[in-house]
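Single-structure report; data block below.
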Amino acid sequence: MSDPQLDRPPELEVYIQPPPASALNGAAVIVLDIFRATTVHAALFSGGASAVYPVEDFTAGVALRDAVPGSRLIGEVGALPPPEADFGNSPTEFDAMDLTDWTVVHVTSNGTRALVGASQADFVLSGCLRNMSAGIRHVLAQQAQRVAIVCSGDHGGTAPSVEDTFAAGAHVTAIKRMAPESVLKGGARLALKLYHAYGRSPSRAFADSPHGDHLQKLGFQADFKYAGDIDADSTVIELGADDSGRPVLKRVPALLH
């Protein structure tokens, strides 16, 4: 199918740090955490995982793992897994694993918090550069009058992130290609300028990231190539709620080109 045609052009905003939940009312949202959470989600679902529960901290994560039979707890504190985690938070850690039917409880410093914070929006995807076009087609198909891209940021969402803002600019560019009449708000224009300032090159942006510096020192260099592989797959990951009302991510069928 062709890219969705909108009855009215949407307004497109980028939040370079997670906004108050009320700012996302009525919006279709894509949450980005490029080095970690949302790229990990792409790896998990590409590997066969069936559900991922985003959780804000490990106290809640341990409790949820105990409450959901057979689930695994993954994540990080300061980029490394704490003792209570079953696995870490590197996308390449999961890329080579058979994850068929895994149920995962996921805790990170930034991305899972941003997803939980966005959970009251009308429609929410966990997005990254690897599944960018597939996610955008899904968002535009919602015919929403507001599209919001939320960058998870650094330091618990209290500071902007180079890699997330760059990726947001890449998303803005793709949305304008698919829906040329989209109206860019201030944050979207800022992200677009940063995307072009790095020559549309993920590797250049990632090399300028303080968070990237920290990950390199810990030996996670392979994650950068993985995270920067634009449109490497068509995994679309939507945030919903389970039968108990808890936020949960599930893979949904991708729309055809």
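What you find for V29 and A121 is that their closest heavy atoms are CG2-CB, 3.7 Å. Looking at every heavy atom in both residues, D86 comes nearest to S71 through OD2-O, 4.5 Å. Heavy-atom minimum distance, S50 versus K250: O-CD, 3.0 Å. Heavy atoms only, all atoms of each residue included: P91 and A43 are closest at O-CB, 3.7 Å. Here the closest heavy-atom approach between residue L140 and residue A179 is recorded as CD1-CB, 4.1 Å. Of all non-hydrogen atoms in A144 and P10, the two that sit nearest each other are O-CB, 3.5 Å.
Under the salt bridge (charged side-chain N to carboxylate O under 4.0 Å, His left out) criterion, the residue pairs touching residues 23-47 are R36-D223, with sequence neighbours excluded.
Under the 4.5 Å side-chain contact rule for hydrophobic residues, V31 and V14 do not share a cluster. Under the 4.5 Å side-chain contact rule for hydrophobic residues, V40 and V248 do not share a cluster. Linking Ile, Leu, Val, Met, Phe, Trp and Tyr whenever their side-chain heavy atoms come within less than 4.5 Å leaves I175 and V183 in two separate clusters. Two different hydrophobic clusters hold V52 and L73 under the rule that ILVMFWY side chains link at heavy-atom gaps under 4.5 Å. Under the 4.5 Å side-chain heavy-atom criterion for grouping Ile, Leu, Val, Met, Phe, Trp and Tyr, L115 is connected to V104 within one hydrophobic cluster.
Atom NZ of K176 is surrounded by more than 12 heavy atoms from other residues, nucleotides or ligands within 6.0 Å.
For the pair L129/I230, a side-chain contact is recorded, criterion being any heavy-atom separation below 4.5 Å from C-beta on. Inter-residue side-chain proximity for S152 and L32 is flagged as unmet; no heavy-atom pair is nearer than 4.5 Å. For the pair I136/I30, a side-chain contact is recorded, criterion being any heavy-atom separation below 4.5 Å from C-beta on. Contact check for R246 versus L64: side-chain heavy atoms found under the 4.5 Å cut-off. T173 has its side chain within reach of H196: a pair of non-hydrogen atoms, C-beta onward, lies under 4.5 Å apart. Contact check for S182 versus V147: no side-chain heavy atoms found under the 4.5 Å cut-off. The closest side-chain heavy-atom distance from R177 to S133 is below 4.5 Å. No side-chain heavy atom of N131 sits less than 4.5 Å from a side-chain heavy atom of V236.
Checked by atom type and distance alone, the side chain of T108 never pairs as donor or acceptor with a backbone atom of A37 at under 3.5 Å. Listed for the R189 side chain is a donor-acceptor partner under 3.5 Å among the backbone atoms of L184. The main-chain N or O of R204 is found under 3.5 Å from a side-chain atom of S201 such that the two form a donor-acceptor pair. Side chain of E93 to backbone of G88: a donor-acceptor contact under 3.5 angstrom is found. Side-chain atoms of S119 never come within 3.5 Å of backbone atoms of P247 as a donor-acceptor pair (strictly under, hydrogens ignored). For the pair E84 (side chain) and V62 (backbone), a donor-acceptor distance under 3.5 Å is absent. Without hydrogens or angle criteria, H171 side chain to A167 main chain gives a donor-acceptor distance under 3.5 Å. The backbone N or O of I34 lies less than 3.5 Å from a partner atom in the side chain of D164, making a donor-acceptor pair. Using a distance-only test at 3.5 Å, with no hydrogens or angles considered, no donor-acceptor pair links the side chain of E238 to the main chain of V252. One N or O on the side chain of Q17 and one on the backbone of T158 form a donor-acceptor pair closer than 3.5 Å.
Y195 and F166 have tilted rings, their planes meeting at an angle from 30° to 60° on a 0 to 90° scale.
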Show, in sequence, the C-alpha distance, side-chain angles and deciding distance for L12 and I149, and conclude whether the side-chain contact (heavy atoms from CB on, under 4.5 Å) test is met.
CA-CA 8 Å; L12 175 56; I149 299 170; 4.1 Å; yes
Let's go through D57 and R113 carefully: what are the C-alpha distance in whole Å and the side-chain angles of both, what is the deciding distance for salt bridge (charged side-chain N to carboxylate O under 4.0 Å, His left out) to 0.1 Å, and is it a yes or a no?
CA-CA 8 Å; D57 59 59; R113 294 183 184 191; over 6 Å; no
What verdict does the ring-ring contact (aromatic ring centres under 6.0 Å, His included) test give for F45 and W102, after you've listed the backbone C-alpha separation in whole Å, the side-chain angles of each residue and the deciding distance to 0.1 Å?
CA-CA 9 Å; F45 284 102; W102 274 33; over 10 Å; no
Give the C-alpha distance, both sets of side-chain angles, the deciding distance and a yes or no for side-chain contact (heavy atoms from CB on, under 4.5 Å) between E163 and D154.
CA-CA 10 Å; E163 63 276 8; D154 285 340; 4.0 Å; yes
What verdict does the side-chain contact (heavy atoms from CB on, under 4.5 Å) test give for F58 and V77, after you've listed the backbone C-alpha separation in whole Å, the side-chain angles of each residue and the deciding distance to 0.1 Å?
CA-CA 9 Å; F58 273 97; V77 174; 3.8 Å; yes
With side-chain contact (heavy atoms from CB on, under 4.5 Å) as the test, would you mind laying out the steps for M178 and R137 before giving the verdict?
CA-CA 8 Å; M178 296 183 193; R137 281 191 292 274; 3.9 Å; yes
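To the nearest 0.5 angstrom, F94 atom CZ is 12.5 Å from T39 atom OG1. The CG atom of L190 sits 9.5 Å away from atom CD of E13, with the distance rounded to the nearest 0.5 Å. Rounded to the nearest 0.5 angstrom, Q216 CD and Q221 CD are separated by 5.5 Å. Rounding to the nearest 0.5 Å places OG1 of T165 at 12.5 Å from CG of L192. Atom CG of L239 sits about 10.0 Å away from atom CZ of F123, to the nearest 0.5 Å. Note that CG of L215 and OG of S209 are 7.5 Å apart. Values are rounded to the nearest 0.5 Å.
Relative to the six-membered ring of Y226, R130 meets both conditions, a distance below 6.0 Å and an angle of at most 45° to the axis.
Taking the six-membered ring wherever Trp is involved, the centroid distance between the rings of H211 and F35 falls below 6.0 Å.
Checked for salt-bridge contact, R146 and D122 miss the test: no charged N lies under 4.0 Å from a carboxylate O.
For the residue pair S109/E76, the side-chain donor-acceptor check at 3.5 Å is satisfied. When only modelled atom types and interatomic distance are considered, T38 and S126 share no side-chain donor-acceptor pair under 3.5 Å. For the 3.5 Å distance criterion, the side chains of H106 and T112 fail to qualify, holding no donor opposite an acceptor.
Other residues sharing the hydrophobic cluster of V116, ordered by chain and number and joined by side-chain separations under 4.5 Å: none, the residue standing alone.
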